[in-house]
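Notes follow once the structure below has been shown.
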Amino acid sequence: MDRNELVNELARRRGFLWPAFELYGGAAGFYDYGPLGAPLKRRIEDIWRQYFVIAEGFAEIEAPTIGVEGIFQASGHLSGFSDPLTGCKECKEVYRADHLIKHIIEVPDALTNEEIYRCMQENEITCPECGGELSSVYEFNLMFKTMIGPGNKMTGYMRPETAQGMFINFPRLLRYFRGALPFAAVQIGKSYRNEISPRQGVIRLREFTQAEAEIFIDPRDKTHPRFDEVKDIRMKFYSQEAQEKGEEEEMSFGEAVERGVVAHQTLAYYVARTYQYLLAVGIDPQKLRFRQHKSDEMAHYAADCWDAEVLLDRLGWIELVGVADRTDYDLKAHTTVSKVNLSVFVNYGQPVKRKKTVVKPDFKALGPMFKSKAKAVGEALRALAPEQLTGEMIQVNVDGETIDIDRSLVSFESVEEEVRGEEVVPHVIEPSFGIDRILYSILDHSYYEDEIDGEKRAVLRFKPQVAPIEVAVLPLMDRSELVGPAKKILEELRSRGMRTDYDTSGSIGRRYRRNDEIGTPYEVTIDYETIEEGTVTIRDRDSMSQVRIARWQVVDKLQALLNGDLLFQDAGDPVRSAKSD
RNA sequence: GCGCCGAUAGUGUAGCGGUUAUCACUAGGCGUUGCCAACGCCUAAACUCGGGUUCGAAUCCCGAUCGGCGCACCA
């Protein structure tokens with residue numbers, strides 16, 4: 001069994017990840033998070049909140065997971081997310097129908113499925129593999145479609161990403177942040193994509209969890225005020241250039257921006273925060289790299305994009321996070337479809353005085369002359385640049401009609417106005433995290449085996465901050481004189497908010513193993529010395545060593561250990577291993 | 001979606017037309033002054049689903065579902 005199998009098997013057996021709907025035969029691309037998986041996921045999300053909500057002052061929102069049609073027209077998911085397919089009736093091979101007529105039609109995207117099919121028939125296109133006849137064109141859309149309300153009045157779609165919920169709330173968010181850039185909204189939640197063939201467990205799901213931030217910035221200034229905090233962090237950059245050489249390049253973030261490896265400070269800053277976050281939840285830095293999108297895989301509107309990728313057993317390099325500068329693409333797209341202006345008025349530091357020529361059409365004369373067109377003529381005149389206003393006759397274009405106007409009907413005035421700022425469509429920096437993939441990667445990177453007395457030991461070396469069980473309370477034996485004090489300690493730990501487990505079954509060694517396997521960092525063992533001398537032992541998962549401490553200190557010391565404020569070897573008196581007796 | 005392969009207790013497996021469906025681990029109970037998957041006794045637990053062939057199917061055939069691999073897909 002390779003590590004991938006071992007991890008999956010452990011995850012299933014111990015209650016991290018279960019294939020969904022098993023009772024009814026299951027469905028590919030759906031997973032349940034079990035009693036250990038759900039808290040692990042929750043803790044991964046909570047640390048994300050710590051980094052991308054609390055530390056940055058961003059606003060977390062929660063939008064519906066179903067969206068109306070307009071959203072996805074604007075986002076491009078309805079057209080771009082759906083592929084016209086056709087299949088060979090002979091060999092059953094399936095093709096992208098639009099690709100088959102690419103050499104005939106410039107923009108096959110613009111055609112309906114029927115038109116594509118007709119085009120295929122007219123040009124006698126057959127199966128490229130076997131020359132067989134091709135079926136009619138059918139749509140495969142990765143969007144889950146549903147109905148809103150009774151009848152077919154309104155079509156809804158399950159969102160394929162959480163991002164749109166932030167974009168379409170832009171006006172409200174702008175107001176919430178008192179009209180000033182930069183600001184950001186985030187969302188952690190489920191997204192849905194009806195994948196053609198989901199595989200590889202939790203890596204490609206039909207229902208999955210994303211954590212996304214949309215950071216709205218002033219496009220004219222992409223520096224970041226806190227860049228100094230990250231500029232000395234060193235990391236492996238797998239830039240476009242590095243990819244050509246096939247070798248990652250280690251450098252500091254400061255250097256990366258100076259050399260133009262990363263487009264600008266703000267993007268680099270969030271790549272750095274992403275890097276710190278991934279390490280904090282337990283991704284192995286040796287199996288982590290940031291890869292820049294090549295120009296052909298980057299969305300046409302994106303200015304720069306970096307993916308956090310991890311190395312997983314069997315699966316290779318897998319994308320966990322994308323951090324992109326999406327420029328003003330999304331806001332402009334929503335403006336086009338919704339007709340709502342999504343810009344910000346940005347004040348200049350100093351108001352700028354500007355000379356301006358104001359055109360004043362003489363409406364008293366224009367009115368009788370052009371009747372109902374007068375207003376439009378006036379607007380056209382006002383819109384002209386000063387240099388177009390010389391000469392005896394002025395030409396304007398109204399509804400395709402060229403109209404000559406005598407200069408005397410227009411007066412000019414040169415005014416000096418104070419310009420306090422301008423309308424700007426913000427650019428968007430988008431870090432987008434796949435939580436399920438991060439969770440799986442943590443399992444893979446935390447898993448290790450060692451051999452104790454010829455016996456294999458499987459351990460998940462979780463960081464205490466993500467461990468679903470933080471402390472196991474274990475009476476040495478299931479006897480009432482030990483169980484009583486043990487339950488007392490359990491209660492104290494719980495009232496301190498710790499995630500605990502209590503176990504009396506089988507031998508103590510078996511219980512230690514069980515907890516190693518689910519990544520519990522510490523175990524408290526209650527023995528006869530607890531009763532006689534008022535002490536307990538704490539066992540450290542990774543070293544398997546134990547210290548003995550006073551009973552009354554157990555809660556505080558465990559808290560300190562879990563917080564990383566206390567080193568295990570300093571926690572108490574070392575216990576000689578039973579083996580060496 | 002296509003092709004190839006597979007599916008038996010919680011996990012890993014044996015079975016190859018007639019068995020009370022094999023074994024190990026795991027899990028639960030009892031005992032154990034006992035500390036790194038100890039030991040003894042006891043217990044629970046499975047043929048993915050639906051059709052067909054047959055006197056009789058876990059076993060043979062067909063289909064579905066799920067999983068693995070390859071192709072396609074992965075804004």
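Just so it is clear: chains get the letters A, B, ... in the order the sequence lines come, proteins before strands, and each one is counted from 1.
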### Query
OP1 or OP2 of B:A27 sitting under 4.0 Å from any side-chain N/O of A:Arg510?
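Checking B:A27 against A:Arg510, a side-chain N or O does come within under 4.0 Å of OP1 or OP2.
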### Query
Just to confirm, is there a sub-4.0 Å distance from OP1 or OP2 of B:C69 to any side-chain nitrogen or oxygen of A:Arg314?
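For B:C69, OP1/OP2 do have a side-chain N/O of A:Arg314 under 4.0 Å.
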### Message
Need the pair for B:U32. Rule: Watson-Crick or G-U wobble, both distances under 3.5 Å, any strand; none if unpaired.
### Response
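For B:U32, the partner nucleotide comes out as none, under the 3.5 Å rule.
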[X] near the nucleic acid: base, sugar-phosphate alone, or nothing, with a heavy-atom cut-off under 4.0 Å?
X: A:Arg457; value: nothing
X: A:Glu529; value: nothing
X: A:Gly26; value: sugar-phosphate
X: A:Gln546; value: base
X: A:Ile508; value: sugar-phosphate
X: A:Ser505; value: sugar-phosphate

Could [X] and [Y] be counted as a cation-pi pair, given that NZ or CZ must be under 6.0 Å from the ring centre and within 45° of the axis?
X: A:Arg289; Y: A:Trp317; result: yes
X: A:Lys41; Y: A:Tyr33; result: yes
X: A:Arg3; Y: A:Tyr447; result: no

### Task
For A:Leu23 and B:U65, give me the distance from atom CG to atom P, rounded to whole Å.
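One finds 18 Å between P of B:U65 and CG of A:Leu23, rounded.
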#### Entry: Interatomic distance where CD belongs to A:Glu481 and C1' belongs to B:U32 [whole Å]
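Value for this atom pair: 12 Å.
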### Message
Using a distance-only criterion (donor-acceptor N/O pair, under 3.5 Å, no hydrogens), is the base of B:C66 paired with the side chain of A:Arg199?
### Response
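Looking at the base of B:C66, it does not pair with any donor or acceptor on the side chain of A:Arg199 (distance under 3.5 Å).
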